[in-house]
There are 2 protein chains.
Amino acid sequence: MTKIDDVARLAGVSTATVSRALRGLPTVSAATRRRVLAAAEQLEYAVSPSASRLAGGKTSTVAVVVPRITRWFFGTVVEAVEEFLHESGYDLLLYNLGGREQTRQRVLRTGSLHKRVDAVILVATPLRPPEVTALTALDLPGVTISSGTDVPGWPCVRIDDVAAARTATRHLLDLGHTRIAHISGDPDDELAFTTHLDRRRGYQAALRAAGIRPDPSLDVESQFTIDGGNRAAAELLARGEPPTAIFAACDEMAMGAMTALRDAGLRVPQDVSVIGIDDHDLAKVLGLSTIAQPATEQGLLAARILLDPLGVRTAEPYAGHLPAQRGGDAPGDTPMPPVILPTRLVVRESTAPPRAH
Amino acid sequence: MTKIDDVARLAGVSTATVSRALRGLPTVSAATRRRVLAAAEQLEYAVSPSASRLAGGKTSTVAVVVPRITRWFFGTVVEAVEEFLHESGYDLLLYNLGGREQTRQRVLRTGSLHKRVDAVILVATPLRPPEVTALTALDLPGVTISSGTDVPGWPCVRIDDVAAARTATRHLLDLGHTRIAHISGDPDDELAFTTHLDRRRGYQAALRAAGIRPDPSLDVESQFTIDGGNRAAAELLARGEPPTAIFAACDEMAMGAMTALRDAGLRVPQDVSVIGIDDHDLAKVLGLSTIAQPATEQGLLAARILLDPLGVRTAEPYAGHLPAQRGGDAPGDTPMPPVILPTRLVVRESTAPPRAH
DNA sequence: CTGAAAGCGCTTACAG
DNA sequence: CTGAAAGCGCTTACAG
């Protein structure tokens with residue numbers, strides 16, 4: 001294949017000049033740049049990323065780590081990140097942990113990321129202490145989205161899970177419900193640790209604020225999936241008198257719960273109200289009330305925050321979203337406050353006053 | 001950071017030997033290999049992918065190109081592919097075209113993929129002639145999943161879209177429907193070209209086989225999305241007497257259609273039956289009848305077919321799925337028959353006999 | 001089974 | 001603004 005020497009020869013310049021011209025460095029005369037570009041085009045020259053990376057010391061690649069790409073939130077985040085990265089000239093290496101311990105180890109514990117990427121975007125993946133250590137040792141910039149653990153020096157973008165859950169629960173309380181169940185995350189799933197704990201906290205806080213003592217028998221733990229929600233709701237019903245409302249920790253769980261209720265002959269919302277968190281793109285189809293969270297915005301913002309310090313041209317300014325502390329060159333060990341994006345209550349058909357009213 | 005020389009020094013061997021030992025080449029004595037591995041571990045050595053790729057001439061990276069990662073089929077395929085690639089020691093570069101012409105050009109028209117990846121998996125992306133030319137010029141191995149166009153030398157994995165559509169339509173006919181509408185792909189969306197044409201062909205074939213002449217007023221074109229299905233169904237209803245059944249070209253469209261029907265005060269299936277294609281993971285929640293297609297299997301199989309000739313250890317044999325013609329080293333220009341995976345009818349609550357019955 | 005040496009194709013000081 | 005030369009960190013014949 002054609003390489004930089006071929007272009008240099010055709011353009012009548014050195015390879016150093018070709019390299020500079022092609023990368024748009026300012027230290028090239030307009031005439032020379034034109035000649036180089038013409039030569040490159042004529043030869044259909046494409047630089048060898050491996051050679052460029054080895055010589056230049058940067059990979060122009062970002063690792064994006066998600067628990068499961070098939071879940072709404074993660075797919076949406078990846079889509080947003082992908083667009084931003086590619087428009088900024090970066091490649092996206094996808095790591096879908098998928099609950100596989102081996103994959104997790106390879107990505108999070110070994111140095112495999114080290115000379116492979118320039119930065120990391122870690123989505124909803126709380127870390128164990130040794131993983132934090134390993135990741136820190138990598139000495140790479142990174143951003144965390146909706147993660148539970150902080151990696152020192154890595155900014156974090158997320159929503160306020162406690163507040164979102166409080167709003168959801170309060171919506172049910174406002175409708176007159178008092179027997180409000182909660183479908184929460186899997187206690188064994190350390191990967192989803194913080195998010196579900198925060199959401200339960202918000203649920204309980206709203207109940208207490210309304211003078212209601214949280215009832216453990218109305219609190220079921222399961223997985224953050226459709227099936228998880230389905231099983232959790234089934235168990236809830238098996239426990240005895242059904243609640244009049246269910247707040248599920250995410251929309252996918254809420255959807256699974258709706259199926260379980262229907263299978264049990266209960267109508268939503270006449271018999272049981274259901275609300276989730278996300279605003280999954282099928283929430284509207286199902287008439288599911290929910291707390292909408294901005295997934296695309298979280299992805300975009302994370303990518304921006306990450307690439308900005310790497311000296312990448314970004315389309316729009318994002319100052320409005322950033323806490324005042326950032327923007328300068330904060331030392332890596334200054335704990336950065338998370339960037340919190342807003343959520344909002346979306347009322348659809350799955351929530352209504354309880355029968356008794 | 002520590003490099004291969006450091007390991008070589010510590011182990012008391014040459015860098016060539018370190019390289020061989022670390023990659024598991026057979027030409028290294030057991031004792032030497034042990035020493036090298038110990039040294040590498042002690043120094044926490046990780047090879048530099050850039051250097052290795054430049055010297056070795058292979059990137060151990062595969063480009064995966066999808067229209068939209070957030071759609072069920074594509075997310076599921078990527079998840080399957082990702083697992084297989086990473087277990088085989090390959091990196092996955094994600095390209096989400098997202099309908100952006102610019103992105104498409106960069107990926108499909110320029111040589112940007114050239115020295116960046118060893119192979120390509122192209123999902124549901126029919127190509128324009130110049131793109132086929134450009135991709136062929138890359139001289140890379142590739143596999144196509146559910147694509148409309150063939151790239152010479154690239155195997156293709158897919159379902160039989162005509163048959164799937166025929167089965168869906170026949171299910172409605174068997175229930176007694178005769179006014180069966182079809183929601184098809186966007187005619188302007190050349191990216192979804194073949195799939196929706198094939199599905200329409202199956203729909204019409206089934207009608208004709210039942211002695212029914214396809215009625216153009218019952219055939220609406222829209223996009224392969226929830227919204228697309230929603231708008232299409234709304235238009236269908238605006239055209240006059242509603243059909244008694246709708247066959248949507250994919251589940252997401254079917255779901256959107258269900259919402260439109262509900263919004264119009266029509267019940268599913270009492271007033272209108274609805275069936276799709278996919279078996280989306282929310283189809284069950286919505287009680288949607290559908291033609292299930294194996295997304296995970298298509299992804300896995302494509303990855304296997306791709307990596308196998310590259311000399312990668314694969315877990316299970318896949319001979320059962322492969323056409324007899326493959327398996328040897330067929331010349332690249334021999335047209336390969338597509339690998340067709342089976343679909344199956346899944347009857348749920350969204351389809352029933354028409355009212356009149 | 002192992003090593004010395006060339007080479008992969010760029011980028012980067014350095015000098016002019 | 002431009003070029004000569006070193007160097008990025010590996011792998012691969014080649015020779016032994």
Side-chain angles (χ1 to χ4, degrees), chain A residues 1-37 39-40 43-61 89 91 111-118 310-311, chain B residues 1-37 39-40 43-61 89 91 111-118 310-311:
Chain A
M1 293 300 114
T2 112
K3 31 202 204 185
I4 201 171
D5 307 71
D6 303 320
V7 180
R9 205 170 307 122
L10 181 58
V13 296
S14 71
T15 60
T17 297
V18 173
S19 175
R20 294 185 189 110
L22 257 28
R23 282 177 298 147
L25 297 192
T27 61
V28 179
S29 77
T32 304
R33 188 186 308 278
R34 256 196 310 279
R35 275 216 316 283
V36 170
L37 290 176
L43 298 174
E44 295 187 310
Y45 172 71
V47 349
S48 155
S50 308
S52 167
R53 289 166 186 181
L54 177 58
K58 52 193 293 291
T59 63
S60 293
T61 303
D91 276 343
S112 88
L113 248 34
H114 197 313
K115 298 150 189 166
R116 199 173 299 269
V117 300
D118 292 340
L310 299 184
Chain B
M1 291 303 112
T2 110
K3 32 202 205 186
I4 201 172
D5 308 73
D6 302 320
V7 180
R9 206 171 306 120
L10 181 57
V13 296
S14 70
T15 59
T17 297
V18 173
S19 175
R20 294 185 190 110
L22 256 29
R23 281 177 299 147
L25 298 192
T27 61
V28 179
S29 76
T32 304
R33 188 186 307 280
R34 257 196 309 278
R35 276 217 315 285
V36 170
L37 290 176
L43 298 174
E44 294 187 312
Y45 172 71
V47 353
S48 156
S50 308
S52 166
R53 289 166 187 181
L54 177 58
K58 53 193 295 293
T59 63
S60 293
T61 304
D91 276 342
S112 88
L113 247 33
H114 196 315
K115 297 151 191 166
R116 199 173 299 270
V117 300
D118 293 339
L310 299 184

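The chains referred to below are lettered A, B, ... by the order of the sequence lines, with proteins before strands, and numbering in each begins at 1. Only a predicted model underlies this, so the values are computations on that prediction, with no experimental measurement involved.
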Q.
Applying a 4.0 Å non-hydrogen cut-off, can you work out what S52(A) is touching in the nucleic acid: base, sugar-phosphate, or nothing?
A. sugar-phosphate

Q) What is the nucleic acid contact for S48(B), judged by heavy atoms within less than 4.0 Å: base, sugar-phosphate only, or nothing? A) sugar-phosphate

(Q) Please classify the nucleic acid contact of P26(A) as base, sugar-phosphate, or nothing, using heavy-atom distances under 4.0 Å. (A) sugar-phosphate

Q) Taking for each residue the nucleotide of DNA chain C with the nearest heavy atom, is it R20(A) or A51(B) whose nucleotide lies nearer the 5' end? A) A51(B)

Report, one line per pair, each donor and acceptor closer than 3.5 Å where one atom sits in a side chain of residues 10-21 of chain A; sequence neighbours left out.
unit_1	atom_1	unit_2	atom_2	d
S14(A)	OG	A16(A)	N	3.4
S14(A)	OG	T17(A)	N	3.2
S14(A)	OG	T17(A)	OG1	3.3
S19(A)	OG	R23(A)	NE	3.3
S19(A)	OG	R23(A)	NH2	2.8

Q: Have a look at T32(B) and say if it touches a base, only the backbone sugar-phosphate, or nothing, with a 4.0 Å heavy-atom cut-off.
A: sugar-phosphate

Q | Beyond-backbone contact of V36(A) with L22(A), side-chain heavy atoms, under 4.5 angstrom | A | yes

Q) Taking any atom under 4.0 angstrom from a heavy atom of chain A, which nucleotides of DNA chain C are the first and last to qualify, 5' to 3'? A) dG9(C) to dA13(C)

(Q) Please enumerate all residues that pass salt bridge (Lys or Arg N to Asp or Glu O under 4.0 Å) together with D118(B), with sequence neighbours excluded. (A) none

Q: Quick one: look up who dA13(C) pairs with, Watson-Crick or G-U, both distances under 3.5 Å, and put none if it's unpaired.
A: none

(Q) Base, sugar-phosphate or nothing for R53(A)? Non-hydrogen atoms, less than 4.0 Å. (A) nothing

Q: For dA4(D), give its Watson-Crick or G-U wobble partner with both distances under 3.5 Å, or none.
A: none

**Q.** Nearest-nucleotide 5' precedence on DNA chain D, A16(B) against A16(A)
**A.** A16(A)

Q) To the nearest 0.5 Å, how far apart are CG in D91(B) and OG in S112(A)? A) 8.0 Å

Q. Taking atom C1' in both dT12(D) and dG16(D), what distance in whole Å separates the two?
A. 16 Å

Q. Can you name the closest pair of heavy atoms from K115(A) and S50(B) and give their distance?
A. O-OG, 4.3 Å

(Q) I'd like to know if the side chain of R53(B) and the backbone of R116(B) have a donor-acceptor N/O pair within less than 3.5 Å. (A) no

